[in-house]
Amino acid sequence: MLNAKNLTMCFGGLVAVDNVELSIDKHQIVSMIGPNGAGKTTVFNCLSGFYKPTSGEILFENNPIHNLPGFKIARKGLVRTFQHVRLFKEMTAIENLLVAQHYNLNTNLFSGLFKTPSFRKSEAIALDNAAFWLEQVQLIQMANRPAGNLAYGQQRRLEIARCMVTHPKLLMLDEPAAGLNPKETNELDELILMLRNENGITVLLIEHDMKLVMGISDKIIVINQGKHLATGTPDEIKANREVINAYLGEE
Ligand SMILES: Nc1ncnc2c1ncn2[C@@H]1O[C@H](COP(=O)(O)OP(=O)(O)OP(=O)(O)O)[C@@H](O)[C@H]1O
């Protein structure tokens, strides 16, 4: 589904990502791990169009995307969250999910002004979709609360719902468990598995929580000092001497 070849990203003289190769198959849950500063977020930023890679190729469903801006990549079905929560804090939970669907709304000036039947229909579909995903992430009771008033774990789930209302094919989560307590991390674990098992989503995540990573990943990609170090199943990665030396051994 997603393939990166010779992916390289330089910031001035610093090679943050150095010839990284990766591939993600449909319906897999793939985790990218590595020490702080290894280059994981930079890889994410290149894959999602936030950065234009210095060199290399990124194919999404066999089409090159490395020259596309982020919003066009998102429209192709590759959608992401960020390391820090980025919700519209003054808007309610449901409003955040409606704003995310603006692209699907039939909103030209005429239809919006006169509330044409097609405008009202697309508004109703967006509302149903938003309510469905609030239910899925167990936030339906919070629909009318300002997003900024939700607990941190709830805000994280709302961000995932905000991605899901756009019907992505590949969901990329940057440190989704950061700042969550163990109960919230378990709920996140279940939510990610549900997205894959019941909604057919492919998931790529960056995560430092090894219990979560080892528990849900089909495949783990290890990055160290900007370079690809290893790829394998959780058991293969746990037993990989180079990985233990570079990363797991530190813990
Ligand atoms: N916009 C930027 N400009 C300059 N240097 C950058 C930029 N973004 C990242 N870097 C550098 O690139 C390297 C890789 O950073 P990156 O954030 O990708 O690592 P990471 O593996 O995601 O780390 P962490 O786990 O701490 O989030 C670091 O040395 C970082 O300082």
Side-chain angles (χ1 to χ4, degrees), residues 2-24 29-58 60 65-71 73-74 78-87 152-153 155-156 159-160 163 170-181 184-185 188-189 192 203-217 219-232 234 237-238 240 242-251:
L2 183 75
N3 291 287
K5 291 178 196 156
N6 304 114
L7 189 64
T8 298
M9 182 75 210
C10 304
F11 298 107
L14 175 84
V15 187
V17 176
D18 190 358
N19 267 300
V20 166
E21 311 259 321
L22 62 88
S23 78
I24 294 160
I29 296 175
V30 178
S31 296
M32 204 187 322
I33 65 169
N36 289 329
K40 306 176 297 292
T41 298
T42 307
V43 170
F44 244 50
N45 285 339
C46 291
L47 297 176
S48 59
F50 209 68
Y51 292 157
K52 183 172 168 3
T54 309
S55 60
E57 194 181 40
I58 304 166
F60 183 56
I65 57 166
H66 44 271
N67 285 323
L68 296 181
F71 73 94
I73 295 176
L78 191 157
V79 174
R80 69 173 292 185
T81 63
F82 289 85
Q83 220 161 2
H84 302 288
V85 172
R86 290 190 175 191
L87 293 164
Y152 189 71
Q155 293 192 21
R156 284 267 175 207
E159 280 203 308
I160 294 178
C163 291
L170 174 63
L171 177 64
M172 295 180 28
L173 306 172
D174 194 350
E175 296 196 27
L180 300 188
N181 63 36
E184 289 170 333
T185 306
L188 177 71
D189 182 319
I192 294 172
V203 182
L204 171 63
L205 61 144
I206 295 177
E207 192 44 71
H208 286 289
D209 184 319
M210 281 305 129
K211 187 167 168 277
L212 177 80
V213 166
M214 295 298 169
I216 63 171
S217 307
K219 182 160 112 176
I220 298 173
I221 299 168
V222 189
I223 307 280
N224 188 35
Q225 295 181 351
K227 292 191 168 69
H228 170 265
L229 183 71
T231 295
I237 293 300
K238 273 189 240 172
N240 184 310
E242 278 186 295
V243 175
I244 294 167
N245 289 342
Y247 184 46
L248 297 176
E250 291 174 5
E251 301 251 307

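Residues: numbered from 1 along the sequence shown. Nothing here was measured: the structure is a model prediction, and the numbers come from that model. The analysis underlying the following values was restricted to heavy atoms, covering all of them including side chains, and did not include hydrogens, waters or symmetry mates. Remember, it's 1-based here, ligands and their atoms both numbered in the order they're listed.
Crowding of E21 atom CD: a count of heavy atoms from other residues, nucleotides or ligands under 6.0 Å exceeding 12.
With rounding to the nearest 0.5 angstrom, the CG atom of L205 is 9.0 Å from the CG atom of L171.
Closest heavy-atom contact between N224 and P35: OD1-CG, 3.5 Å.
Side-chain contact of N19 with K227: a donor-acceptor pair under 3.5 Å is absent, judged by distance alone.
In summary, the aromatic rings of F44 and Y51 are positioned with their centroids too far apart to meet the 6.0 Å limit.
If you look at ligand 1, the protein residues with a non-hydrogen atom under 4.0 Å away are F11, L14, A16, P35, N36, G37, A38, G39, K40, T41, T42, Y51, Q83, E175, H208.
Although no hydrogens or angles enter the test, the distance criterion places a donor-acceptor pair under 3.5 Å between the side chain of E159 and the main chain of R86.
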